[in-house]
There are 2 protein chains.
Amino acid sequence: MRSPQAKRERQTIHDLASIAGVSISTASKALNDTGRMGEETRERVKRIAREIGFRPNALAQGLLSKRSFTIGLLTNDTYGRFTLPVMAGVSEALVDRGVSVFLCAIEDDPALGQVHVEAMLDKQVDGIIATGKRVDRCLPIDLSNVPVPVVYAFTEGGPDSVSFRSDDAQGARLAIEWLQASGRRRIVHVTGPEAFFSVRERCGAFRAVAGEDAVALFGEWSETWGRDAVEQIWASEGEKPDALFCGNDQIARGTVDALRERGLRVPDDVAVIGFDNWEIVAGQMRPPLTSIDMELKELGRQAGRTILALAEGQVVEPGVRTLPCRLVVRQSCGGRNSLEARSLEDEKQRR
Amino acid sequence: MRSPQAKRERQTIHDLASIAGVSISTASKALNDTGRMGEETRERVKRIAREIGFRPNALAQGLLSKRSFTIGLLTNDTYGRFTLPVMAGVSEALVDRGVSVFLCAIEDDPALGQVHVEAMLDKQVDGIIATGKRVDRCLPIDLSNVPVPVVYAFTEGGPDSVSFRSDDAQGARLAIEWLQASGRRRIVHVTGPEAFFSVRERCGAFRAVAGEDAVALFGEWSETWGRDAVEQIWASEGEKPDALFCGNDQIARGTVDALRERGLRVPDDVAVIGFDNWEIVAGQMRPPLTSIDMELKELGRQAGRTILALAEGQVVEPGVRTLPCRLVVRQSCGGRNSLEARSLEDEKQRR
DNA sequence: GTCAAATGAGAAAACGTTTTCTCAAACATT
DNA sequence: AATGTTTGAGAAAACGTTTTCTCATTTGAC
């Protein structure tokens with residue numbers, strides 16, 4: 001015995017029309033508030049549509065309108081650390097416009113990328129957002145000749161493309177200025193490989209604010225490097241730093257662990273600030289880590305809004321758009337003060 | 001001046017037919033290897049299709065065939081730690097069958113979930129995979145009356161649903177047996193809140209193998225709890241454990257840090273084994289953590305294959321399917337021996 | 001009471017496929 | 001030579017919408 005809500009075929013506009021006793025053209029016009037008809041007819045059709053739970057078939061609509069209300073999100077960031085927030089932002093910006101997102105994970109495999117892109121184009125996506133794990137690397141697939149608009153988020157786009165990334169220099173300034181404002185004067189920058197664009201960008205800003213002769217140490221993006229860097233600094237001659245600005249939260253964690261093992265107190269003896277605001281690392285540390293958030297979700301939102309605009313035929317100036325980073329204050333840079341409290345307040349409100 | 005590859009309208013089967021000098025019905029039959037026609041005609045149509053890069057419009061195909069070659073993936077795991085591998089597996093199982101995946105992140109918001117589900121149904125998805133961050137919680141939305149097949153992966157399904165989760169008991173046994181095989185006799189289980197099904201399941205297996213009077217401590221899923229647990233154990237009377245079996249890798253990390261700070265060596269004095277095999281935690285620890293991998297990607301693959309089978313109309317026995325976990329040996333449980341080497345070898349091959 | 005304009009609603013074409021049906025030509029059987 | 005059978009290919013319907021066009025009826029003006 002089938003329950004009344006058992007799986008059943010979807011109602012079509014033909015069903016709606018015959019139940020309402022009108023033609024399908026009238027039904028369509030009633031629902032879309034177009035055409036001419038009596039107000040009572042329009043209302044009756046709409047009411048019946050609501051009652052039988054009619055929803056138009058998007059495939060049929062798309063066939064006619066050349067818009068599928070679907071976009072593709074291409075990523076090679078399997079681990080998802082950067083991609084996930086971007087994705088969440090994209091989805092958030094699009095869902096209430098009725099646009100759904102195809103997720104395509106292409107593990108740096110050009111052939112797989114090609115397969116995904118073709119599958120998306122077959123499904124008539126209105127646009128593609130490309131995203132990655134590094135702003136200075138392209139995806140392993142050329143999107144410049146794809147017949148739909150493309151925007152790049154947190155990955156390198158082609159010459160005439162629209163792309164979004166966070167403002168590394170501004171983020172770095174935010175960090176340094178915060179350390180200086182809390183009285184730190186001897187700041188050392190412990191960061192990732194110099195080959196990364198972000199590293200050079202942040203380092204440039206660091207030197208511009210902290211002084212051209214300020215020390216920057218390049219290594220890998222790991223806790224181990226953070227620990228090694230502390231060993232290296234404290235083993236060397238001369239005055240020791242009273243603050244470390246780290247290239248990411250994992251390096252920061254390594255430095256904090258090493259400092260603690262040396263008997264140095266964070267933040268009393270040395271303040272530490274990270275980058276990425278990776279909750280799972282920064283929040284679990286002792287003490288919790290003050291860090292720079294790249295606002296990737298906002299980046300995703302903007303990418304989403306932009307692809308939508310392009311899909312609707314608006315013209316968008318090509319070029320790189322940088323988004324400001326945000327300081328998230330925890331306890332690794334000094335006691336809780338009014339400024340901190342305010343910042344924490346901010347963060348709560350964003351949730 | 002437009003380059004020859006500049007964005008242009010997609011070719012339709014009408015274009016193909018007129019270029020090949022046949023009717024659209026002949027063109028369609030040629031491409032699909034159906035119908036009757038001369039072999040040379042068929043080959044010519046196929047060749048021209050290849051030359052002009054013809055690809056059929058999936059919307060039109062879907063309209064007729066009632067299959068959109070599209071499925072929806074619903075998740076409330078915003079952080080993505082569990083969802084991401086599942087997603088990767090799903091995608092992997094489906095992409096070469098031409099099926100694309102809509103990603104819907106519904107932040108525990110029933111209204112948002114409803115919106116996403118309706119958008120997916122409008123787009124005529126062939127099925128829905130629901131996934132979450134906890135096997136004993138439902139998504140905040142009822143999928144039992146949805147007109148397409150649903151499978152649940154790493155989340156609680158309804159009574160007559162098809163669902164997949166990893167075998168927590170078997171995973172726990174794997175851990176305990178490994179510790180026992182390396183000579184450990186006094187094993188303590190430090191794990192998460194007892195309210196979690198997984199916790200009870202693993203704890204049951206732990207007691208079954210290690211003895212009904214073996215000690216299990218429940219707390220939260222945090223490093224802090226791991227550290228506290230070590231304090232608690234070493235502060236109490238009686239013989240100390242020579243091994244800790246932790247409920248997840250973060251707890252394990254906390255215990256290892258606390259043990260080191262107490263001057264205890266891992267693995268020489270105490271062996272530690274984690275759960276989840278979260279590369280980013282387990283791999284960065286000192287020493288790297290031996291852990292139990294829930295094989296979530298495989299879980300995703302199976303969920304993908306299953307939803308495909310259901311979409312094709314096959315019948316699938318409802319019920320819960322559990323998948324075996326895998327031991328990943330690193331250095332936190334004892335020296336590198338032949339068994340370990342073999343296991344590491346295994347892992348490499350899987351890559 | 002005649003004619004133009006406005007109103008309400010339906011018929012039909014279109015979107016890009018697949019599939020069923022039809023039909024002429026070629027071929028094979030007596 | 002008359003008949004049946006096979007072959008190759010096209011015409012048309014169908015999928016579920018939206019949109020344009022057509023047309024009868026009503027309304028308003030004189």
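Order of the sequence lines sets the chain letters (A, B, ...), proteins ahead of strands, with each chain counted from 1.
Remark: D109(A) engages no residue in a side-chain hydrogen bond (donor to acceptor under 3.5 Å, both in side chains) (not counting sequence neighbours). Considering only residues two or more places apart in sequence or on other chains, A30(B) meets the side-chain contact (heavy atoms from CB on, under 4.5 Å) condition with M37(B), R42(B), V45(B). Checked against ring pair (Phe, Tyr, Trp, His ring centres under 6.0 Å), F154(B) has the following partners two or more places apart in sequence or in another chain: F82(B).
D15(B) places no side-chain N or O within donor-acceptor distance of the main-chain N or O of Q11(B), the cut-off being under 3.5 Å. In this structure, D126(A) contributes its side chain and F69(A) its backbone to a donor-acceptor pair below 3.5 Å.
With hydrogens and angles left out, the side-chain atoms of S100(A) and K123(B) include a donor and acceptor closer than 3.5 Å. Using a 3.5 Å distance cut-off with no hydrogens or angles, the side chains of S23(B) and T26(B) do pair a donor with an acceptor. Under 3.5 Å, the side chains of S161(B) and S163(B) contain no donor-acceptor pair of N or O atoms.
A sub-4.0 Å separation between OP1 or OP2 of dA9(C) and a side-chain N or O of S23(A) is absent.
Contact check of residues 32-50 of chain B against DNA chain C (heavy atom, cut-off under 4.0 Å) returns N32(B).
Once rounded to the nearest 0.5 Å, the distance linking CG of L94(A) with CD1 of I71(A) reads 5.5 Å. The OG1 atom of T75(A) sits 9.0 Å away from atom CG of D108(A), with the distance rounded to the nearest 0.5 Å.
Summarising the geometry, the separation between CG on L16(A) and P on dT18(D) is reported as 11 Å, rounded to the nearest angstrom. Distance, K29(A) NZ to dG8(C) C1': 8 Å, rounded to whole Å. Taking atom CD of residue Q61(B) and atom C1' of nucleotide dT19(C), one finds them 13 Å apart after rounding to whole Å. dT18(D) atom C1' lies 8 Å from atom CD1 of I13(A), rounded to whole Å.
If you find the closest nucleotide of DNA chain D to N57(A) and to T26(B), the one lying nearer the 5' end belongs to T26(B). Each of S25(B) and L31(A) was assigned the nucleotide of DNA chain D with the nearest heavy atom; the assignment lying further toward the 5' end belongs to S25(B).
Taking the six-membered ring for Trp and the full ring otherwise, F164(B) and Y152(B) have centroids separated by 6.0 Å or more.
Note on the helix from dG1(C)-dC30(D) to dT30(C)-dA1(D): terminal axis deviation equals 60°, with five pairs used at each end and the result rounded to 10°.
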Scan nucleotides 13-15 of chain C against the protein and return all N/O pairs shorter than 3.5 Å with their distances rounded to 0.1 Å.
residue: dC15(C); atom: O3'; partner: K66(A); partner atom: NZ; Å: 3.2

